[in-house]
Structures are given as C-alpha cells and as structure tokens.
Amino acid sequence: MSTTTKFSRKGRTAAAVLALGLGLSLNAWADNHGADKTYNFGEPATTEDLKPFFSPLPDGRGLPEGSGTVMQGEKIYQQQCLACHGVNLEGGIGDRLAGGRGTLVNDNPEKAPVKTVESYWPYATTLFDYIKRAMPFDRPGSMTDDEVYAVSAYILWKGNIIEKDATLNQDNLAKIEMPNRNGFKPADR
C-alpha cells in the first residue's frame, strides 16, 4: 500500500471526525441558545392551503364533492389523456390503463404481469387520487373534481368495472369493487 493511499485514508478519517465533532457542537449550541423558541413568522396553514395535499382513504373519507359521468369522461380523456395513454387506454408515452386481468399471478415466467388500473389497483379511490394529483402530465393538479370523477368513470368503464351509464361521486366511488381488491395480502412483519 502506498503512502499516498494511507494519507488519503487518514485524511478522510480526520475529515469525518471533524465533521462529526462540528455537528455535535452545533447541536449543543442550538440546545443552549434557545433553538426551541418561535420566531413569529409565517402563518398557520388554512384548509384552502392544504387542499392540494389531500389523499382520500379507500373507504371514501376525504373525497371532495363533485360528480362525473362516463360520457363526460370520454370527452375529457380525448382532450387531455389520449396523447399519452392511447385511444383504447393501451398506453404509449404514458402507462397502459386497461386490460391485464389474470396476468399478475401465473405459472409462466415468460409472461410478464400487466399492471393496470383494471388488473392491479385494489381501490377506485386510488385512481381518483392519482389523477387528481398527477394528471395530466404536463399540468398536474389542473383538473377540477368533476373532471377527475368523469375521467375516473371513463377509465373504469373501459376496464369493464362499471356500466356505461354510471355517474361517479364522493358517495359511490369507494363502493366500486375493483377486480384486484382481494389480490393483496398483509405483510407478516
């Protein structure tokens, strides 16, 4: 081993010890100099401030008011989703959204699972939440609640999960039985 390598290791060790010492010293200083004080700036977050950070639960708690039909959703999908997710929700630039039932558990290692809303997602509220927060890709969070309910209805209809005349809202979205609702097992930790 060369002298340069030994020095380099010693230098790195010394730098790590110095950094640790400084970190402990700064923590001690903060403890002794009122780090727990408030500085009277900022303001409490309002309900309106927190609105974009919602996440509805599987049972529907936290879903906003609103509604949308399959037919409304088809129009919105064509305008805002089709370019990434394809005419028949087959994917493209964006993920595939429909199909794939029965592909998650199979004995053929050559067949890859096809994870879609239809085959994988256990709750319809997850679909609403994801669309609301992350779509469309170039303008996430820009859709109204009614538009999100409508696009959710269209995707669920294309996946043969709801009827074509369905209207989704905060009262019935969580009641939808997704095809893979029972496909997950609790972790045994």
Considering all heavy atoms, the nearest [X]-[Y] contact:
X: E163; Y: V70; result: O-CG2, 3.7 Å
X: P122; Y: R181; result: O-NE, 3.4 Å
X: N169; Y: G66; result: CB-O, 3.1 Å
X: Q170; Y: P64; result: CB-O, 3.3 Å
X: V151; Y: I131; result: CG1-CD1, 4.0 Å
X: P56; Y: G62; result: CB-C, 4.0 Å

Strictly distance-based, threshold 3.5 Å: is any side-chain N or O of S152 a donor or acceptor partner for the main-chain N or O of L127?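 Absent.
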
Okay, side chain of R101, backbone of T103: is any donor-acceptor separation there less than 3.5 Å?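 Here the side-chain-to-backbone pair does not exist.
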
Just jot down the salt bridge (charged side-chain N to carboxylate O under 4.0 Å, His left out) partners of D59, sequence neighbours excluded, or say none.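 Salt bridge (charged side-chain N to carboxylate O under 4.0 Å, His left out) check on D59 returns R61.
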
If you apply the rule side-chain contact (heavy atoms from CB on, under 4.5 Å), what do you find for Y77 with H85, and how did you get there? CA-CA 9 Å; Y77 181 90; H85 296 286; 3.1 Å; yes

Could you tell me whether the side chain of L156 reaches within less than 4.5 Å of the side chain of V117, counting heavy atoms only?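 They are in side-chain contact.
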
Test item: F128 and D145 side chains (from C-beta on) under 4.5 Å apart, heavy atoms: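 Yes, close enough: below the 4.5 Å cut-off.
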
Run the ring-ring contact (aromatic ring centres under 6.0 Å, His included) test against Y123 and tell me which residues pass, sequence neighbours left out.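 Partners of Y123 by the ring-ring contact (aromatic ring centres under 6.0 Å, His included) criterion come out as none, since no residue qualifies.
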
Nearest 0.5 angstrom please: E147 CD to M135 CE, how far?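 With rounding to 0.5 Å, CD (E147) is 14.5 Å from CE (M135).
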
With rounding to the nearest 0.5 Å, note down the distance linking CD in E118 to CG in L97.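 The CG atom of L97 is 10.5 Å from CD of E118, to the nearest 0.5 Å.
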
Go through the side-chain N and O atoms of T126 and D129 and say whether any donor and acceptor fall under 3.5 Å apart.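 Side chains of T126 and D129: no pair found under 3.5 Å.
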
Please work out whether the ring planes of W121 and Y130 are parallel, tilted or perpendicular, with thresholds of 30° and 60°.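 Perpendicular: the ring planes of W121 and Y130 meet at over 60°.
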
